[in-house]
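Lettering of chains follows the sequences in order, A, B, ..., and the numbering in each one begins at 1.
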There are 2 protein chains.
Amino acid sequence: MFDILRQHIENITSSTLSEEEALIIKNAFVQKSLRRRQFLLHEGTICKYMAFVTRGALRIYSIDDKGNEHIVRFALEGWWICDRESFSQLTPSQYNIDAIEDCDLLVSTNEQLNQMKQLSPTYMKFTSILDERHYAATHRRIQAYISYTGEERLRDLMNTYPQFLLRLPQNMIASYLGLTPETLSRVRKQLMEK
Amino acid sequence: MFDILRQHIENITSSTLSEEEALIIKNAFVQKSLRRRQFLLHEGTICKYMAFVTRGALRIYSIDDKGNEHIVRFALEGWWICDRESFSQLTPSQYNIDAIEDCDLLVSTNEQLNQMKQLSPTYMKFTSILDERHYAATHRRIQAYISYTGEERLRDLMNTYPQFLLRLPQNMIASYLGLTPETLSRVRKQLMEK
DNA sequence: TTGGAGGCTTGACAAATGTCAAGTAAAATT
DNA sequence: AATTTTACTTGACATTTGTCAAGCCTCCAA
């Protein structure tokens, strides 16, 4: 299972990990499995783990005053998930993370990650590439919200992450897009007709 | 002018810069001034500079098919601005950055920043703290868009960045919130009446 | 001083999205 | 397989937001 992570790091950084470095990284992670609907993080608690997904799907979401869920992000195989604000500043999280499907994860703590950055230049490079990508992705997402209608955001999602539409339930897609399930249903229909 | 940046770095990192480190950092930046309406970045070009604002205000925005401007972010004194995707990956930017007021900036290139990270542990710490903060801020912003109405986003802005409302024109605030100027005007009125 | 130009507000109407309720389809559980 | 729960769709209507047009105000430049 660690091989998936190893290959992922090597792909992203275009480097080969020495056996020594690979061992350091391997030792920094613990294997963890979640059944559907189990939680990795509960609102109000501190996010202790950064998780790499080797199988399954998760979501991070908040719950507003009226009890509505708002999904901020999904994570599928090869993605990372955690509430980074809570994780790095040790503050109680406003978010929940739970499994949409049964999942296999490799989890690590903040101390272990920091140590790894010290010990492995490749891992350091890896995290900074991920940070850049995340930066770009969130920028694009904000852009989409301030500029696009629901239909345009759906079309954008179809181009950017078509897997989501095949794999995740409509009500979650709707929440991710900032729409109600009813509106998404109608917008989908309109889009079909074109 | 460099003293503002130096103190900023010291504040954020809770460290004191040695004279040697301070010099390294100082040498990595060049002073640059912009008059109102002058551009730091034009759409379609590569973003060569990361800018620290010592005086004035700027915005980063895109222009859609219909010619509407969409402001992604503002930068006031003590803030940083650049299109980081273009900056670090050397791709043409989809964004424009221009001065809302006359500005004084300290600008640096990607190579210089990377070199600085190598040479100054304090600067390295500084950038990772900023990354974390940026991460948290964009998360909150996405959150606001998927959960809030226009009125709620305005109220949120009043709590988070009250300076914006005093200093920046309404039409830009509207664009930042993803509303038309007309809608913002009405929403403001409603909020006053409460 | 005066004449724009741009920014802000308001009104009337249109389009997009939300809410509530009902019905149907699909999936999970027994 | 039967039952129960959950997800999805649709209709009717309410709310929010956008669009277009007009008017007012302020600031700046001629």
Rounded to whole Å, how long is the line connecting atom [atom1] of [X] with atom [atom2] of [N]?
X	N	atom1	atom2	value
B/Leu165	C/dG7	CG	C1'	16 Å
B/Gln190	C/dT10	CD	P	12 Å
B/Tyr145	D/dT16	OH	C1'	16 Å
A/Gln170	C/dA25	CD	P	17 Å
A/Arg167	D/dA7	CZ	P	18 Å
A/Glu69	D/dT6	CD	C1'	13 Å
B/Glu101	D/dC27	CD	P	15 Å
B/Ile100	C/dG6	CD1	C1'	16 Å

A/Asp98 side chain reached by A/Leu58 side chain, heavy atoms, under 4.5 Å: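 No, side chains not in contact.
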
Short side-chain N/O contact from [X] to OP1 or OP2 of [N], under 4.0 Å:
X	N	result
B/Asn171	C/dG6	no
B/Arg188	C/dT9	yes
B/Lys189	C/dT9	no

cation_pi([X], [Y]) dist<6.0 Å, angle<=45:
X	Y	result
B/Arg153	B/Tyr148	no
B/Arg141	B/Tyr176	yes
A/Arg59	A/Tyr61	yes

Nucleotide nearest B/Thr149 when distance is taken to its side chain, options D/dT9, D/dT16, C/dT10: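 Given the options D/dT9, D/dT16, C/dT10, the side chain of B/Thr149 is closest to D/dT16.
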
Full working for side-chain contact (heavy atoms from CB on, under 4.5 Å) between A/Ile63 and A/Asn68: CA-CA 5 Å; A/Ile63 300 177; A/Asn68 297 317; over 6 Å; no

Residue among B/Trp79, B/Phe2, B/Phe52 satisfying ring-ring contact (aromatic ring centres under 6.0 Å, His included) with B/His8: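 Output: one option passes, namely B/Phe52.
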
Pair of N/O donor and acceptor under 3.5 Å linking D/dT19 base with B/Arg186 side chain: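 A donor-acceptor contact between them is present.
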
Close residues, residues 173-184 of chain B, relative to DNA chain C [heavy-atom separation under 4.0 Å]: B/Glu182

Pair B/Asp104-B/Thr54, side-chain donor/acceptor within less than 3.5 Å: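 No, because no side-chain N or O of B/Asp104 sits under 3.5 Å from a partner of the opposite role on B/Thr54.
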
